[in-house]
Amino acid sequence: MNNDDHKAESPEDFTPVTDSENKKSQTKETENQLVMVDIKGEVLRPGVYEISGDARVNEVIELAGGFSKEADQTMVNLAQKVQDEMVIAIPKLGEAPSNTTAASGQADGNGKVNLNYATQEEMETLNGIGPSKAQAIIQYREENGFFQTVEDLLNVSGIGEKTVENLRDDIQVP
């Protein structure tokens with residue numbers, strides 16, 4: 001038997017995986033999973049569609065047969081990534097957008113901003129959240145996945161306990 005066949009590996013042979021690499025791996029796994037998206041309003045075939053987690057809103061619209069002739073396409077962010085349980089509501093031309101339009105972080109019309117779906121503009125409507133904090137929240141969400149609790153905001157750079165307490169009544173996570 002050759003000694004080289006059973007040579008013990010030294011610690012230098014291993015590369016540790018950092019938390020950020022591990023989270024990126026988990027994000028990639030989430031993107032490869034199927035998600036359920038509900039599309040309503042001015043599309044040819046409204047309904048619930050199952051699609052890859054790394055798909056975009058425009059792909060869901062294609063699955064739903066495309067926009068109807070009366071759809072206000074300017075009210076929809078076609079480039080937004082889809083998320084599980086997302087609701088995409090396509091308004092008619094001249095109709096005010098509902099609180100459930102694609103890219104909306106307004107949850108069920110209750111006035112609270114949903115951290116897992118809100119756009120930067122919606123987050124900036126929160127007291128104490130300006131452009132840089134809103135962007136930090138979105139970046140954290142994109143790199144680490146959905147917020148599970150309001151306290152997860154404490155993991156976002158620049159957000160402390162006082163900010164979380166001030167936001168608690170105005171935000172929600174599923």
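Values below: every heavy atom of this structure, side chains too, minus hydrogens, waters and symmetry copies. Every value quoted in this text rests on a predicted model; they were computed, and no experiment measured them. Index from 1, following the sequence.
In this structure, Ile159 and Lys133 approach most closely via the heavy-atom pair CG1-CD, 4.4 Å. Here the closest non-hydrogen pair linking Met123 and Ile138 is CE-CG1, 3.8 Å. Between Ser52 and Val82, the shortest heavy-atom distance links the atoms O-CG2, 3.7 Å.
By the 4.0 Å N-to-carboxylate-O rule, Glu165 lies close enough to Arg168 to be salt-bridged with it.
Distance CG/Asn166 to CD1/Ile171: 10.5 Å, rounded to 0.5 Å. The structure places CZ of Arg45 at 13.0 Å from OG of Ser68, a figure rounded to the nearest 0.5 Å. Between atom CE of residue Met86 and atom CD1 of residue Ile39 there is a gap of 9.5 Å, rounded to the nearest 0.5 Å.
Asp152 and Thr149 form a side-chain donor-acceptor contact under 3.5 Å, judged by distance and modelled atom types alone. There is no side-chain donor-acceptor pair under 3.5 Å between Gln135 and Gln139.
For Asn127, the CG atom counts as loosely surrounded, since its 6.0 Å shell holds 12 or fewer non-hydrogen atoms of other residues, nucleotides or ligands.
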Tell me which donor-acceptor pairs under 3.5 Å the side chains of residues 55-64 have, and how far apart each pair is, sequence neighbours excluded?
residue, atom, partner, partner atom, Å
Arg56, NH1, Ala79, O, 2.7
Glu59, OE2, Arg56, N, 2.9

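For Asp170 (side chain) and Leu126 (main-chain N/O), no donor-acceptor pair under 3.5 Å exists by modelled atom type.
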